[in-house]
Number of protein chains: 4
Amino acid sequence: MPATFTPTLTADLYPAATARILYADTDQMGIVYHASFFRYLELARINLLRSAGVSYTEFERAGLGLPLIEVGVRFASPGLYDDLITIHAGLSRITRVRVSVQYRVMVEAGDRDGTTEPVEILTAETRHCCVALADTKPARIPEIAYERLAKHRSAATPGG
Amino acid sequence: MPATFTPTLTADLYPAATARILYADTDQMGIVYHASFFRYLELARINLLRSAGVSYTEFERAGLGLPLIEVGVRFASPGLYDDLITIHAGLSRITRVRVSVQYRVMVEAGDRDGTTEPVEILTAETRHCCVALADTKPARIPEIAYERLAKHRSAATPGG
Amino acid sequence: MPATFTPTLTADLYPAATARILYADTDQMGIVYHASFFRYLELARINLLRSAGVSYTEFERAGLGLPLIEVGVRFASPGLYDDLITIHAGLSRITRVRVSVQYRVMVEAGDRDGTTEPVEILTAETRHCCVALADTKPARIPEIAYERLAKHRSAATPGG
Amino acid sequence: MPATFTPTLTADLYPAATARILYADTDQMGIVYHASFFRYLELARINLLRSAGVSYTEFERAGLGLPLIEVGVRFASPGLYDDLITIHAGLSRITRVRVSVQYRVMVEAGDRDGTTEPVEILTAETRHCCVALADTKPARIPEIAYERLAKHRSAATPGG
């Protein structure tokens, strides 16, 4: 049996972004090409950070970045052209240098033409390391940002 | 401790494709945006199938597809603009309905301006399910393709 | 003197879509990579058609497509990460088989961190031909869609 | 009659790059999504500069960039999955601050499964302005690069 990359969702997830699937996202199988979803995950991640009080732009102004160092995605069912997708996201882990985010992409009930059922498209987790932009070496997350992220996470997870 | 998505490379990998990193692949951190690598993985995967005697185009003509259903990637170090990357790939698992492929993206010695050392960029695994294009439901891999893939894999893996 | 591709805006443009520039859209020059804008133009175009009463999904169900056959873009100033862009769009020409759309991408006053001035990012025009999906040959736009598009255009253009 | 963006090819074009169309490039119309071609144009452009003795990486090290400021594309016929495309490119205009490149994307005879005829996919022109990376303001092309580009162009164009 192979190990699984399937992310087990442990974080409390919030609807962090919605988007309409474009023709640009599809492939000739008539479904969304797998790699098209990564920009939607980014959109949700940035909104999630913002809602925790952390602006990625300010992060960069402080000379820091949060590149993705690991990702796992399990596709549950195909995304389709013109789907209105909702990307749910939550912080699953915060350390002094790392941030992990979990995602669940859904077509909510009524948001796909021709069905009234909600549809799960994928679940995913991305792991990020704080780095200095100058040399791409690991760096500590600024105290204020760390506290806001930790607070946002524990608000979601009683006892977390 | 969180579970890891890090793919443990178990397949014998071959250099399946080379490519020059474009400006289109970079982001403002000055490195390759993570999602840019997926098309290079596709390029290697298609070449790998071809070298096993399986043409994806013929696969489609038979009314079948091989959509990606799971993916795990671990980024070891940043890809850079103008890097000449080599994508090593190998079949890690073949069943009657599924195919798994493992990858290692390298900048081989001499292929990055300014260094003579080889650099590992990432390791990854993608898992695919054979489906009927008509309804995106799981379908058996055609016997001839299955045999070729299994043979290619066991040639790589004595006793495999 | 070379001919110019610069589209001269002749259509009345409406704000058809807004979007937040992602990291995925940037390149290592620290600006938006030129090709990243095409999906935003698509987003605006689809919204524009929808507001004229023409659903692209229904168009496809009727066995028709509207592939892009010509495009001209003039970039006025760089788009930046985290810009909130507004894509203004309007129908510039409708015939029985062709549709042309013009665009102006703006960062409206207050929508870029660090400035209060509006910024023009680009102007563009795309030309599309109605085709039968079966053979990608030119086909007539269905009467009802033609009328709605023509009406939408003449509402915008007195005497048009 | 609307003005045309159709680039009239005036430059001598050379085969500057070849590439295999990926699934990532296609859309659900079963053809190559228009925006997918821009990375292939970049690939050809960089190779063309390189063959003229101008490395874009060195250009950047000198603090300069060549962002695209205008583009026109005419699509002649659809690109298809698995097509082996050849991107022909040539310098059409060099000034002290600007560079224009013309392109013709072809599927050469024998390079598309199912036909032996060559197929023209598109013609295009991109116009670039030399800028200082520090402030994105126009800057002079370095003398040595200018001379090499001008020489490459006049070698192609007797009397040019």
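Side chains included, hydrogens not; waters and symmetry mates left out as well; all remaining heavy atoms used. Order of the sequence lines sets the chain letters (A, B, ...), proteins ahead of strands, with each chain counted from 1.
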Open item on the list: Does any backbone or side-chain atom of Tyr23(A) lie under 4.5 Å from a heavy atom of chain C? Answer side chain, backbone, both or neither.
Closed with: both
TODO: Could you please state which residues from residues 24-38 of chain A sit under 4.5 angstrom from chain C, measuring non-hydrogen atom to non-hydrogen atom, sorted by number, or 'none'?
DONE: Ala24(A), Asp25(A)
Task: Residues of residues 39-52 of chain C within contact distance of chain A, non-hydrogen under 4.5 Å - done: Arg39(C), Tyr40(C), Glu42(C), Leu43(C), Ile46(C), Arg50(C)
- [ ] Any chance you could measure Asp82(A), atom CG, to Glu58(C), atom CD, to the nearest 0.5 Å?
- [x] 10.0 Å
Task: Residues, nucleotides or ligands: over 12 heavy atoms within 6.0 Å of Arg98(A) CZ - done: no
